[in-house]
Number of protein chains: 2
Amino acid sequence: MLTPHYGQPRYRVIADELRERIESGTIQPGALLPTESALTAEFRASRGTIRQAIAMLRDERLVATERGRGSYATPKRQQGWPEGGSAMETRQRQVPADPELAALFAVEVGVPLIEQQCIARTDGAVEAVVRTYRPLRAMR
Amino acid sequence: MLTPHYGQPRYRVIADELRERIESGTIQPGALLPTESALTAEFRASRGTIRQAIAMLRDERLVATERGRGSYATPKRQQGWPEGGSAMETRQRQVPADPELAALFAVEVGVPLIEQQCIARTDGAVEAVVRTYRPLRAMR
DNA sequence: AGAAATTTGTCCGTATGTATC
DNA sequence: AGATACATACGGACAAATTTC
């Protein structure tokens with residue numbers, strides 16, 4: 001038929017193909033992918049399906065998309081832990097308890113707490129920021 | 001016109017409305033959301049637009065969707081950790097980026113971020129509060 | 001157990017808005 | 001200003017999973 005998805009949905013098959021091209025270097029890091037209409041022609045799929053495939057790659061951070069410009073392969077992406085230096089930064093400081101933290105720790109608002117902040121980066125871009133709050137109070 | 005997206009796109013407006021219902025308890029945790037066709041009727045939007053709105057909430061882990069069943073408000077944070085000595089509570093919300101987070105994520109101050117908060121307790125006492133911040137991820 | 005109805009998933013085609021080149 | 005390219009939105013059709021009868 002025209003649109004049966006045996007086994008895998010088409011957008012997934014297309015995403016797999018594009019992912020392969022990126023990871024194999026056929027589409028080089030930083031290079032623009034073919035336009036949506038070009039992919040529409042190549043895979044003979046509707047634009048919606050193509051967009052769905054690209055959305056998958058975007059979620060995987062494998063490509064980035066800019067309106068009016070196109071989607072380009074994200075420059076160099078490492079799986080797992082980078083072998084080089086640490087991609088995390090940590091720092092510690094004291095901050096006054098906001099009302100919610102104050103309630104949780106059963107202290108007054110404004111009482112200083114220890115805040116440890118970790119910054120997770122990938123290729124320089126901040127993926128997430130983690131802040132851990134603990135009371136200063138007597139050890140243990 | 002019928003479908004111009006001045007200002008905010010419709011799917012975003014709809015997502016905001018549904019998010020509000022969930023966070024306000026109008027839609028209780030674990031309860032099923034209205035079906036896509038019901039939402040289609042209520043918001044007088046196409047099913048694709050409704051699905052796009054729900055996809056946003058799914059990305060925010062605010063709802064989970066099962067084929068043939070529906071989408072339900074996420075009841076609890078099933079942290080992949082079995083019951084041990086200490087109890088954890090988790091919750092999620094959106095908060096505006098403070099200047100520091102804004103700088104780290106390279107967004108404007110006030111732009112909404114996803115904040116996941118874990119509370120680590122031991123014997124009822126709060127040991128630590130961990131807040132993880134991530135960007136909402138534009139597009140989609 | 002089986003059939004029908006319900007509900008989400010996938011896909012197509014088209015039209016129009018908006019940002020970039 | 002025009003052309004190109006992505007974003008949003010509509011509508012319809014069928015597939016697949018679940019629920020209901």
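Being a predicted model, the structure only gives us computed values, none of them experimental. Proteins get letters first, then strands, A, B, ... in listed order; numbering begins at 1 in each.
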Which nucleotide in the set [options] lies at the smallest distance from any side-chain heavy atom of [X]?
| X | options | value |
| --- | --- | --- |
| A/T35 | D/dC6, C/dC12, C/dT8 | D/dC6 |
| B/R10 | D/dC6, D/dC10, C/dT8 | D/dC10 |
| B/P9 | C/dC11, D/dA9, D/dC6 | D/dA9 |

For the pair [X] and [Y], find out whether any cationic side-chain nitrogen is under 4.0 Å from an anionic carboxylate oxygen.
| X | Y | result |
| --- | --- | --- |
| B/E66 | B/R58 | no |
| B/E23 | B/R19 | no |
| A/E115 | A/R134 | no |

In whole angstrom, give the distance that lies between atom [atom1] of [X] and atom [atom2] of [N].
| X | N | atom1 | atom2 | value |
| --- | --- | --- | --- | --- |
| A/I50 | D/dT8 | CD1 | P | 18 Å |
| B/R51 | D/dG12 | CZ | P | 17 Å |
| B/E66 | D/dA16 | CD | C1' | 14 Å |
| B/R67 | C/dT10 | CZ | P | 6 Å |
| B/Q8 | D/dA9 | CD | P | 10 Å |
| A/Q52 | D/dC6 | CD | P | 17 Å |
| B/F43 | D/dT8 | CZ | P | 18 Å |
| A/R44 | C/dG13 | CZ | P | 12 Å |

*Same apolar cluster (I L V M F W Y, side chains within < 4.5 Å links), A/I119/B/F105*: yes
*Taking the six-membered ring of A/Y133, is NZ or CZ of B/R131 closer than 6.0 Å to its centre and within 45° of its axis?*
yes
*Contact class for B/G70 vs. all strands (heavy atom < 4.0 Å): base, sugar-phosphate, or nothing?*
sugar-phosphate
Ignoring backbone atoms, test whether [X] places a side-chain nitrogen or oxygen under 4.0 Å from the OP1 or OP2 oxygen of [N].
| X | N | result |
| --- | --- | --- |
| A/Y11 | C/dT10 | yes |
| A/T49 | C/dC12 | yes |
| A/R69 | C/dC21 | yes |

*asked:* Please determine whether any donor N or O and acceptor N or O are separated by less than 3.5 Å between the side chain of B/R12 and the base of D/dA7.
replied: no
_Base D/dG12 to side chain B/R47, donor-acceptor N/O within 3.5 Å cut-off_ = no
